[in-house]
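Quick one: the structure is below, and I'll ask about it shortly.
Quick note on labels: first sequence line is chain A, next is B, and so on, each numbered from 1. Everything numeric here is computed off the predicted structure, so don't read it as measured data.
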Amino acid sequence: MESARTRRASPRAPERYPSSLAGSGTPALEGSPMYRAVPAQIDLPAMEHDVLAMWDSEGVFEASVEQSKGRPPWVFYEGPPTANGMPGTHHVEARVFKDVFPRYRTMKGFHVPRQAGWDCHGLPVELAVEKELGFSGKQDIERYGVAAFNDRCRESVLRHVNEFTDMSRRMGYWVDFDRAYWTMDADYIQSVWWSLKQIYSKGLLVQDHRVAPYCPRCGTGLSDHELAQGYETVVDPSVYVRFPVTDAAFLERFPGAVLLVWTTTPWTLVSNTAVAVNPVADYSIVRTGDGQTLVVASSLVGQLLGEDLEELGRVSGSALEHMSYERPFDLIDIPEAHYVILADYVTTDDGTGLVHQAPAFGADDLASCRGYGLPVVNPVLPNGTFADDVPVVGGVFFKKADETLVAMLKESGRLFKHVEYEHSYPHCWRCHTPLIYYAQPSWYIKTTVIKDQLIEQNEATNWFPGTIKSGRFGDWLNNNVDWALSRNRFWGTPLPIWRCSENHLTVVESLAELSALGGIDVTATDPHRPYVDDITIPCQTCEATATRVPEVIDCWYDSGAMPFAAVGYPHVDAGTFADQYPADFICEAIDQTRGWFYTLMAIGTLVFDRTSYRNVLCLGHILDEDGRKMSKHIGNVLEPIGLMNDHGADAVRWFMLASGSPWQARRVGHAAIGDVVRKTLLTYWNTVSFQSMYARLADWEPSHPAPEVCDRPVIDRWLAAQASELTREVDIALEAFDTQRAGRLLSTFIDDLSNWYVRRSRRRFWDGDPAALSTLHEALRITTLCMAPFTPFITERVWQDLFRPTDPGAATSVHLAAWPEPTGDAVDPALAESMALVRRVVELGRAARATSGVRTRQPLGRALVSARGWGRLSDELRAEICEELNVGVIEALVDDTAGFVDTAIKANFRALGQRFGKQTPLVADAIANAEPVSLLLHIRREGSVSLHAAGVGDVEIFEADVIVSETPRDGWAVAAEGGESLALDLHITDELQRAGTAREIVRAIQEARKQSGFDVSDRITVWWASDDASTILTLDEHATLIASEVLATAFCEGIEHAQRGSVTVRVPETDLQLLIARGSDG
RNA sequence: GGGCCUAUAGCUCAGCUUGGUUAGAGCGCUUCCCUGAUAAGGAAGAGGUCGGUGGUUCAAGUCCACCUAGGCCCA
């Protein structure tokens, strides 16, 4: 025994470890199944770097994927980031969630391959390069050369890949970068081509018109993203125009009827094609005071036309459908048009409820007119002027035509009203030219055809949080519009459609097919522009030469195609795909609702008739400490690597997973993350360090025999049950993708472990009690395993120090271990409840101590408790309370009839409400008016009591129907909470007084030992002297106790004999003189 | 303009699904206690019209409606 204690455990050991983490670590313990020494202090970021090095050198990630081969797959898809910017803290957020569930599922026995990916194409990449080159439009790019431009784009994509991989590695995100997919790879592009051919062959890929914001000066369309930057407030004319009805039947009922139509863009009236009304709104036909017969929405009659009028009739919007009218201008030819159509988007809040339709210049207009097969006629040239052959306004810039046209309306008597209208209108962010919504030919995927299927697939998908499913995402599907797929750009997947002069189309699925069709081997050609544009093939219909159409596709299609394109399906690897479709889990932030989440589901449904994911986790955004969005502009960006090097990646991960709700916007800052370190990580670490220190001091090894759990002290049985419950509950929470709940369970358990179990059991650890060491060992093993997916670094460190060396069967990494099984027999709900009561009573005791002013070190004779369930507590549990509160005995406060306590009774509304409903307050009154002591005695004797409640009658009241509080009177310190109370007997006898002094002495010596840097196992000698009789008696009585508490091997009266250099100890409120010194010789 | 989310202590957030009469935790602040692992722990105090209004109910932070403010997405 003594030899073990001479081995220094050294709680003040250096902060850094021997850097080797592997099993061969501590040379002195080679081959010994003992714990490694765990210092109390730890530098978390430094420890994490050691763990990263170990994972690399032992290939732990690869091993975890390898060793699970053949097990049931759990499929995860990585949504590809665009790497042409620096990674930010929001990337860490998503990646933490993408990491924790694969790790958890791996522990649960699944095979979880994780392929990284990179999104390479798209307008943001092009814009970044344009900016670098100082370009201001497409003409610049064409002058520069598409090949050279695309080379720059390719290079730009690669630029920050290293920053992304470094950040991912640093945070412990396990994903396979070596097998990453790149959306610009030739194989990837050909998979996309294949899928587009599938969609084309189903008749769902078509060319049509698309209305998009367009800058007539720059000659280019603008993306939504660009659009958002360029809104400016302008004043436009707002005109109300008369459109005479020409429908004979309607005119017969309402002679001279005129549609009153509203628009803020008079120049589009030249192209008027139809008038839209809301099908379910009411429309009134009214005769005004000056004799006009007007048709307007009924709800707008008053504000538009005033009171002086007569309503001739009222019809629903749908009754007006197909009614013909005379258009305001007859400048261009628009055949088969000019009648009323129905459109849901028409509102009757402003305007007239009748909306002018020019399908070439409005997305809504185009969509509704398309439903009627109306023509799309566009008299405006790409440079923004009306075509020269248009009368009157030919050659005029579109905006400038407003003035002329309004004057013409006035002249022809069509103008009803003209006002100025201030609103925000999009302008080009480069040149401030007002944008024109402009119809251009475009390629569409007709997703509206599969809308019902999409809704069905969404029904079968689990969304976290669930509100997205029917909310944001469900709404989006319900309002589905066809997918405008093509872009008139350069850096993207080229649309694989070849067209001849006769407009026959040939869609190809691969370079191999192109080679076969063209008779030239082009399989080695870069499938990007401009190289692919040079390939021509004979038209499959008419044999004329076919060339590729000029467009590339929306890069969102690229990423949505990753389930198959990432493995080159079907050209490269059909087998892998079959095993990995659909995904069990995907996760991104909420902005992907209409991005990746949609494109994945749409493409999956289009090509394979089913969506590509089962469960989708949708994260809220990360904000700065003040709740603002992080942006370079404000300068509030948290740099992720720096954040992790400050606090450790584990702390950042824990924050993301468990602090606040993942699916809500959250504020992140240094304070919040530092909190995680102190509260959760260091508490866990210190418990580990504690276990290691005392196990090593006692030469204890986990393989040593220990009593069965059921034969151990009650607190051990309690902890074992809690640990078992922990693994079960965390499992359930993670199964439901609820990391917040899992995190709360874990941090609560760690708190219980450290601040209740260890606190209460310290003495047993000092003595090397195998039952205590064994119990804590197992509890830490379970905690470490359950926490491993959350904080992979610190748990790995603990695994290497405590569990790998002591169990020959242990996995070489915690991340190769299986999820801990709950031990069903250990769970005892009654014990958990009893312990909760014990802890509540202890809290009451502490509160009573605090109010009494008697410090805890001063023993007290007895305490009295009133609490329901007290009678069921075992003596063992009552003893826990006595020890913790330092009182001699603790007794129930029951059946008091001597006026020793005050008894108060309150109605328990929850119990009463269920039985009495509406009459609850009456019964509660009856309880309040009853005499509490006799009522309570009656209930306790008979089980219930009958009371008369006014307006109700006689009712039977049980103990559960009342909340009792009993509080002792004078001479007691009392605390009460929630119907439970505790009273401390404050009478201090001389004997108690001396016991208190003994405790003071112990405490003072311990403090001095600590201050002087003695090791916890050092033996000491104590010298003392006093003139006070009581103090001398105290030392006589308690010398043995004091000596054993402070590890004194000699206890000498007379300080004059003390050795040189011994330490003086001050004991407050005594005249005791005390010296101590290390060593056992006096 | 439309949809969704959010609003609880000075700050960060639980609690709301399943309504119950003293609304919790952490951080910060004040005072005290405890300490033989801990950067810890405990007690008390200050700090709340649970965003507002109305409704349902015996009873509303919790359910319903409307409103206000903020955020996100879309026009």
If you only use heavy atoms from C-beta on, which nucleotide in B:A37, B:G20, B:C27 is closest to the side chain of A:Phe690? B:A37
A:Trp766 on top of B:G36's base, within under 5.5 Å and under 30°? yes
Nearest-nucleotide check on RNA chain B, A:Phe655 vs A:Trp476; residue mapping nearer the 5' end is A:Phe655
Measure distances between side-chain N and O atoms of A:Thr683 and base N and O atoms of B:A39, and say whether any donor-acceptor pair falls under 3.5 Å. no
Side chain of A:Arg1003 - closest among B:A37, B:G36, B:C72: B:G36
Can you confirm whether the side chains of A:Tyr437 and A:Thr265 place a donor and an acceptor under 3.5 Å from each other? no
5'-most contact on RNA chain B: A:Pro921 or A:Ser689, nearest heavy atom basis? A:Ser689
Can you identify which nucleotide, out of B:U35, B:A37, B:G26, has its nearest atom closest to the A:Arg999 side chain? B:U35
When you measure from the side chain of A:Lys679, which nucleotide among B:G41, B:G36, B:U21 comes out closest? B:G41
Below 4.0 angstrom from OP1 or OP2 of B:A40, is there any side-chain N or O of A:Arg678? yes
Among the nucleotides B:A37, B:G20, B:G36, which one has an atom lying closest to any side-chain atom of A:Leu1047? B:G36
Nearest to the side chain of A:Ile590 - B:A14, B:G20, B:C72? B:C72
Identify which nucleotide among B:C58, B:A14, B:C27 has an atom closest to any side-chain atom of A:Gln740, counting heavy atoms from C-beta outward. B:A14
